[in-house]
Amino acid sequence: MGKILAVVNQKGGVGKTTTAINLAAALALEGLKCLLIDCDPQANSTGGYGFSRDDERKSTYDILLGESSVAEAILSTEIETLKLVPSSKNLIGANVELVQQDNRSDRLKQALTKERENYDFILLDCPPALDLLTLNALVASDTLLVPMQAEYFALEGISELMQTLDRVKASLNPKLEIEGVLLTMYDDRTNLAQQVTENLREFFKDKLLKTAIPRNVRLAEAPSYGKPVLLYDSKSRGAESYRDLADEILSRNNIESPKARERKEAAARRGKREVRFWPYA
């Protein structure tokens with residue numbers, strides 16, 4: 001059964017969508033079957049994979065309103081093992097339309113029940129708000145990945161998210177946990193970044209991920225080409241950092257990817273080669 005991981009922070013501009021796009025790509029390029037669901041009405045994850053905004057296409061909105069299954073809304077991406085459920089601006093209305101409906105907070109969870117068997121990871125790209133869309137993602141998820149910048153206002157925002165997490169655990173999803181806190185747009189040369197990092201390490205302890213995502217021009221350019229940075233420029237610092245993040249997530253979950261097994265087997269074969277000396281028999 002696949003793991004459902006929500007990329008969430010109610011503060012905007014912290015790299016949620018960049019993380020969702022590129023972590024999904026990094027995991028998929030390791031040979032894992034991944035599904036990325038765009039839960040944000042801005043549809044930036046959708047655009048980040050080269051798909052235009054199309055309000056007529058099946059999307060997360062139709063899934064939440066019960067008008068489409070997840071399978072019916074899935075789009076194939078350039079990476080064979082990565083699928084995408086797109087968003088649309090119609091999703092803005094879902095917050096209003098769901099209010100009067102039964103089970104409004106677990107619509108996404110119900111829709112994903114069957115799909116979990118088909119994927120190793122399902123990633124949810126959440127909007128920058130603690131609304132019904134984010135609540136559906138929190139109820140559906142096993143763990144949360146929280147991207148944040150190393151700055152003062154980010155520390156204030158994280159406390160609100162923790163309060164929401166506690167309320168969701170108490171009433172709707174008791175198994176929900178934090179996968180990790182991820183520092184993004186990180187510059188360790190500043191005193192502020194180092195101070196905030198220390199504060200986060202004291203509070204979150206081992207939940208603060210060792211991987212940090214640096215500011216990187218290639219990361220910023222990649223969405224305009226409709227590609228994750230791992231396809232746009234696989235040797236850039238941004239691509240390397242998201243590969244490191246995928247490795248850390250897999251290590252924390254004791255998962256060995258198909259590509260990792262292939263690399264291990266190839267190394268073992270190289271180690272077993274016989275050394276032959278001239279003249280050969």
Side-chain angles (χ1 to χ4, degrees), residues 2 4-8 12 16-25 27-29 32-101 103-129 131-141 221-232:
I4 302 178
L5 189 157
V7 183
V8 59
K16 287 190 303 295
T17 296
T18 298
T19 295
I21 289 172
N22 290 293
L23 176 57
L27 292 169
L29 289 170
L32 296 162
K33 294 180 180 179
C34 296
L35 175 64
L36 173 60
I37 300 180
D38 193 345
C39 301
D40 188 345
Q42 296 178 83
N44 288 330
S45 280
T46 304
Y49 273 96
F51 295 100
S52 60
R53 277 67 168 175
D54 183 354
D55 298 332
E56 302 301 318
R57 181 176 55 205
K58 296 291 186 183
S59 68
T60 310
Y61 169 80
D62 301 285
I63 294 170
L64 290 174
L65 271 293
E67 297 172 1
S68 171
S69 67
V70 173
E72 291 172 332
I74 283 175
L75 301 175
S76 296
T77 71
E78 193 173 343
I79 302 172
E80 184 178 356
T81 55
L82 175 60
K83 307 297 181 184
L84 170 73
V85 172
S87 180
S88 74
K89 65 182 181 182
N90 293 332
L91 200 55
I92 297 172
N95 277 309
V96 177
E97 295 175 62
L98 286 173
V99 168
Q100 302 300 326
Q101 300 196 24
N103 303 319
R104 59 181 178 268
S105 61
D106 63 356
R107 290 298 187 92
L108 187 57
K109 179 180 180 179
Q110 293 174 7
L112 289 173
T113 300
K114 294 181 180 179
E115 291 301 320
R116 293 188 70 149
E117 301 174 0
N118 300 326
Y119 298 95
D120 297 301
F121 281 91
I122 298 176
L123 277 72
L124 311 178
D125 180 21
C126 299
D131 55 14
L132 266 176
L133 300 178
T134 299
L135 181 60
N136 263 269
L138 296 181
V139 173
S141 298
E221 291 176 348
S224 65
Y225 290 86
K227 294 176 180 290
V229 72
L230 291 100
L231 296 183
Y232 176 63

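We're numbering straight along the sequence, starting at 1. Computed over heavy atoms, backbone and side chain alike; hydrogens, waters and symmetry mates excluded. Everything numeric in this text was worked out from a predicted model, so none of it was measured.
- Atom CD of Gln101 has more than 12 neighbouring heavy atoms from other residues, nucleotides or ligands inside a 6.0 Å radius.
- Minimum heavy-atom separation, Leu124 to Ala140: CD1-CB, 4.5 Å.
- Going from atom OG of Ser69 over to atom NZ of Lys114 covers 8.5 Å, rounded to the nearest 0.5 Å.
- The closest donor-acceptor contact from the side chain of Arg53 to the backbone of Lys89 lies at 3.5 Å or more, if one exists at all.
- Between the Ser68 side chain and the Ile63 main chain, no donor and acceptor come within less than 3.5 Å of each other.
- A pairwise comparison of heavy atoms in Ile21 and Tyr49 identifies O-OH, 2.7 Å as the closest pair.
- For Ser45 (side chain) and Asp38 (main-chain N/O), no donor-acceptor pair under 3.5 Å exists by modelled atom type.
- For Ser76 and Lys83, the side-chain atoms include at least one donor-acceptor pair closer than 3.5 Å.
- Not counting sequence neighbours, the partners of Pro41 by the side-chain contact (heavy atoms from CB on, under 4.5 Å) test are Leu91, Ile92, Pro127, Leu133.
- Closest approach of Pro86 and Leu75 over heavy atoms only: CG-CD1, 3.8 Å.
- With hydrogens and angles ignored, the 3.5 Å screen pairs no side-chain donor or acceptor of Asn44 with any backbone N or O of Thr17.
- When all heavy atoms are compared, the tightest approach of Ala25 to Leu230 is CB-CD1, 4.1 Å.
- No donor-acceptor pair closer than 3.5 Å links the side chain of Asp120 to the backbone N or O of Leu32.
- Residues Leu23 and Leu27 have side chains in contact (heavy-atom distance under 4.5 Å, counting atoms from C-beta outward).
- Under the 4.5 Å side-chain criterion, counting only non-hydrogen atoms from C-beta, Asn136 is not in contact with Lys109.
- Contact record, Ala111 with Val70: O-CG2, 3.5 Å, taken as the closest heavy-atom pair.
- Atom CG of Leu138 is separated from atom CG of Asp106 by 13.0 Å, given to the nearest 0.5 angstrom.
- Here the closest heavy-atom approach between residue Ala73 and residue Ser59 is recorded as CB-N, 4.2 Å.
- Looking only at side-chain heavy atoms (C-beta outward), Pro128 and Gln42 come within less than 4.5 Å of each other.
- With hydrogens and angles disregarded, a donor-acceptor distance shorter than 3.5 Å links the side chain of Thr134 to the backbone of Ala129.
- Judged by distance alone, the side chains of Tyr61 and Glu97 do bring a donor and an acceptor atom under 3.5 Å apart.
- In this structure, Leu123 CG and Leu84 CG are separated by 11.5 Å, a value rounded to the nearest 0.5 Å.
- Side-chain N/O atoms of Arg104 and Asn95 include no donor and acceptor closer than 3.5 Å.
- With hydrogens and angles disregarded, a donor-acceptor distance shorter than 3.5 Å links the side chain of Ser87 to the backbone of Asp40.
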Leu36 and Thr77: side chain to side chain contact (heavy atoms under 4.5 Å, CB included), yes or no, with the steps? CA-CA 10 Å; Leu36 173 60; Thr77 71; over 6 Å; no
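- Between the OG1 atom in Thr60 and the CG atom in Leu108 there is a gap of 8.0 Å [rounded to 0.5 Å].
- Between the CZ atom of Arg57 and the OG1 atom of Thr46 there is a distance of 6.5 Å, given to the nearest 0.5 Å.
- Rounding to the nearest 0.5 Å gives a distance of 7.5 Å between CG of Leu5 and CZ of Phe121.
- Under the rule for a salt bridge (Lys or Arg N to Asp or Glu O under 4.0 Å), Arg107 has no partner lying at least two apart in sequence or in another chain.
- Using a 4.0 Å cut-off between a side-chain N of Lys or Arg and a carboxylate O of Asp or Glu, Lys16 and Asp125 do not qualify as a salt bridge.
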